[in-house]
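Owing to the predicted nature of the structure, the values given are computational and were not obtained by experimental measurement.
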Amino acid sequence: MTSPQLLNRLTFRQLQVFRAVYDQHSYSRAAETLGLTQPAVSAQIRQLEQALGQPLFKYAGRTLHLLPAADALAASTRAIFGQVSRLQMTLSDMAGTIRGELNLAAVSTAQYVVPYLLARFRARYPSVQVRLRVCNRSQALERLAKRCDDLVIMARVPEDEALAFMPILDNEMIPVVWPGHPLLEAEAPTLEDFARHYVLMREPGSGVRSAFEELAADQDVRLPHAIELGSNEAVKQGVMAQLGVSVLPRLAVRLEVAAGLLAPLALPGFPLRHSWCTVHPRDRFPTPVTELFLRFVREHLAELHTHFSAPPSPLPSHGVDCLPVTAY
């Protein structure tokens, strides 16, 4: 069969149905995903196999097995649909009609960065509807595995060739204490000195907690006085209230440090550094809106780095100077 004959017999619908069956490893689940009947899915796959001249799937009992031709076709369809998505995005951008939804999940530490990006993205593309779910690291990994979102933004991306990722900004984690804490006067405080105090920590599954616990384990330092709090904001308030000390992302405390409400502490091994990244399954081709957002992020990386490396504007004072003077 010649190439022109093959092209004349292939349809995008056949390729869409094929990708659904390939991803789901099931005719019935593919039918549910596409809103088709199972016989309709079977008919599309049969026509595609006739056009290719090779079988794509084989049942052994109730298990669907992928044949070599299916793997080859999957690689080609990723490229084909990727190019079509980029063309659709380019044409819509030229016409000023970019619409659609962008569904993001971000680990809680990234919530200090993502709104900055989204504000500028929405200013450029106001017709795009954005949904952002904030979660901890373990929840982000679960959502990534279940393909719940267009993109996940997280640090410490798993070493998995099935994932495509793009670094966007360094996440530096630093020890923080309240101003006047005795460790600030110590000549060369260590992590062991730090651990003698009450250490405020996020819940299990938090990326910051995991990174800190790994460092403590590497230095053979126990953390016997941990107090668990449910959010970065609660941890910050706890440190400012002198409940304990903590390790937090530098961006999470930059305003409080600038205002003198928190103080960074120099300890060996810090800052801990991991890059926030956009992550998605490599075999899931981005929607036009997702592709547009990724391109937008790439084009604004320098601006992002400049903005978050600059000293922040300090918070207004919350001290006694704000109170009215009372005459007695």
Problem set entry | Considering all heavy atoms, the nearest Pro268-Pro189 contact | CD-O, 3.4 Å
Problem set entry | Minimal non-hydrogen separation, Gly269 against Leu215, with atom names | O-CD2, 4.3 Å
Problem set entry | side-chain hydrogen bond (donor to acceptor under 3.5 Å, both in side chains) partners of residues 152-168, not counting sequence neighbours, each pair once | Arg156-Glu214
Exercise. Below 4.5 Å, heavy atoms only, C-beta onward: do Pro264 and Val257 meet side chain to side chain?
Worked result: yes
Exercise. Salt-bridged, Glu233 to Lys236, with N to O below 4.0 Å?
Worked result: yes
Exercise. What distance separates Asn103 CG from Leu151 CG, expressed to the nearest 0.5 Å?
Worked result: 9.5 Å
For this session: Examine Phe165 and Val113 and state if one hydrophobic cluster contains both, with Ile, Leu, Val, Met, Phe, Trp and Tyr joined whenever side-chain heavy atoms are less than 4.5 Å apart.
Result: yes
For this session: Please answer: with hydrophobic residues joined when any side-chain heavy atoms are less than 4.5 Å apart, are Val239 and Val253 in the same cluster?
Result: yes
For this session: State, with a plain yes or no, whether a side-chain heavy atom of Leu292 is found less than 4.5 Å away from one of Leu294.
Result: no
Exercise. Which pairs count as salt bridge (Lys or Arg N to Asp or Glu O under 4.0 Å) when at least one residue sits in residues 127-140, sequence neighbours excluded?
Worked result: Glu101-Arg131
Exercise. Is it the case that more than 12 heavy atoms not belonging to Tyr22 sit under 6.0 Å from its OH atom?
Worked result: yes
For this session: Check the pair Arg19, Arg78 against side chain to side chain contact (heavy atoms under 4.5 Å, CB included), reporting the backbone distance first and the verdict last.
Result: CA-CA 9 Å; Arg19 282 308 304 271; Arg78 277 197 294 273; 3.2 Å; yes
For this session: Would you please classify the geometry between the Tyr59 ring and the Tyr27 ring as parallel, tilted or perpendicular, with 30° and 60° separating the classes?
Result: tilted
Exercise. How long is the gap from CG on Leu104 to OG1 on Thr278, to the nearest 0.5 Å?
Worked result: 9.5 Å
Problem set entry | Joint cluster assignment, Leu265 & Val245, ILVMFWY side-chain distance < 4.5 Å | yes
Exercise. Name the one of Phe57, Phe81, Phe12 that satisfies ring-ring contact (aromatic ring centres under 6.0 Å, His included) with Phe18?
Worked result: Phe57
Seminar exercise, completed: Distance col, row Leu229:CG vs Leu243:CG, nearest 0.5 angstrom, shows 6.5 Å
For this session: Just grab all the salt bridge (Lys or Arg N to Asp or Glu O under 4.0 Å) pairs involving residues 168-187, residues at least two apart or on different chains.
Result: Glu172-Arg250, Glu172-Arg273
Problem set entry | Euclidean distance, Gln14 CD relative to Gln50 CD, rounded to 0.5 Å | 9.5 Å
Problem set entry | Polar contact flag, side-chain donor to acceptor under 3.5 angstrom, Gln16-Arg13 | yes
Exercise. If we only count heavy atoms from C-beta on, is the Leu251 to Asn171 side-chain gap below 4.5 Å?
Worked result: no
Exercise. Do the side chain of Asn136 and the main chain of Ser138 share a donor and acceptor less than 3.5 angstrom apart?
Worked result: yes
Exercise. So do Leu223 and Phe212 actually touch side chain to side chain, heavy atoms under 4.5 Å?
Worked result: yes
Exercise. What are the two closest heavy atoms between Pro179 and Gly260, and how far apart are they?
Worked result: CG-O, 3.1 Å
Exercise. Same cluster for Leu10 and Val17 if Ile/Leu/Val/Met/Phe/Trp/Tyr side chains link at under 4.5 Å?
Worked result: yes
For this session: Evaluate the criterion salt bridge (charged side-chain N to carboxylate O under 4.0 Å, His left out) for residue pair Arg209 and Glu228; output intermediate values, then yes/no.
Result: CA-CA 10 Å; Arg209 175 171 177 164; Glu228 187 176 305; 3.2 Å; yes
For this session: Evaluate ring pair (Phe, Tyr, Trp, His ring centres under 6.0 Å) for Tyr116 paired with His307, printing each intermediate quantity in order.
Result: CA-CA 10 Å; Tyr116 178 87; His307 175 80; 4.1 Å; yes
For this session: Test side chain to side chain contact (heavy atoms under 4.5 Å, CB included) on Leu66 and Asp71 and set out the steps.
Result: CA-CA 7 Å; Leu66 310 179; Asp71 291 328; 4.2 Å; yes
Exercise. Hydrophobic clusters join Ile, Leu, Val, Met, Phe, Trp and Tyr when side-chain heavy atoms are under 4.5 Å apart, directly or via other members; which others share one with Leu67?
Worked result: none
Problem set entry | Rounded distance (nearest 0.5 Å) linking atom OG of Ser28 with atom CG of Leu64 | 9.5 Å
Exercise. Which atom pair, heavy atoms only, marks the closest approach of Cys277 to Pro167?
Worked result: SG-CA, 3.7 Å
For this session: Using the salt bridge (Lys or Arg N to Asp or Glu O under 4.0 Å) rule, collect all pairs that involve residues 106-122, keeping only residues at least two apart or in two chains.
Result: Arg120-Glu303
Problem set entry | Residue pair Met173 / Pro271, side-chain heavy-atom distance below 4.5 Å | no
Exercise. Among the clusters formed by ILVMFWY side chains lying less than 4.5 Å apart, do Phe296 and Val130 turn up in the same one?
Worked result: yes
For this session: Would you check if Val247 and Phe270 make a side-chain contact, meaning some heavy-atom pair closer than 4.5 Å?
Result: yes
Exercise. Between Asp149 and Ala105, which heavy-atom pair has the shortest distance, and what is it?
Worked result: OD2-CB, 3.4 Å
Problem set entry | Closest contact, heavy atoms only, Pro158 versus Leu141 | CG-CD2, 3.4 Å
For this session: With side chain to side chain contact (heavy atoms under 4.5 Å, CB included) as the test, would you mind laying out the steps for Trp276 and Val107 before giving the verdict?
Result: CA-CA 9 Å; Trp276 283 300; Val107 294; 4.2 Å; yes
For this session: Drop me the distance from Glu299's CD to Leu304's CG, to the nearest 0.5 angstrom.
Result: 13.5 Å
Exercise. Is there a side chain to side chain contact (heavy atoms under 4.5 Å, CB included) between Leu144 and Leu163 once you walk through the steps?
Worked result: CA-CA 9 Å; Leu144 190 59; Leu163 298 176; 3.9 Å; yes
Exercise. Should Glu142 and Lys146 count as an ion pair when the cut-off is N to O under 4.0 Å?
Worked result: yes
Output side-chain donor-acceptor pairs under 3.5 Å for residues 194-202, partner residues at least two apart or in another chain, one line each.
unit_1 : atom_1 : unit_2 : atom_2 : d
Arg196 : NH1    : Asp193 : OD1    : 2.5
Arg202 : NH1    : Ser108 : OG     : 2.8
Arg202 : NH1    : Asn232 : OD1    : 3.1
Arg202 : NH2    : Ser108 : OG     : 3.2

For this session: Give me the one residue out of Val279, Ile168, Leu117, Val134 that meets side-chain contact (heavy atoms from CB on, under 4.5 Å) with Ile153.
Result: Ile168
Exercise. Mind checking whether Thr109 and Leu248 have side chains closer than 4.5 Å, heavy atoms only?
Worked result: no
Exercise. Does Leu261 reach the side chain of Leu255, with side-chain heavy atoms less than 4.5 Å apart?
Worked result: no
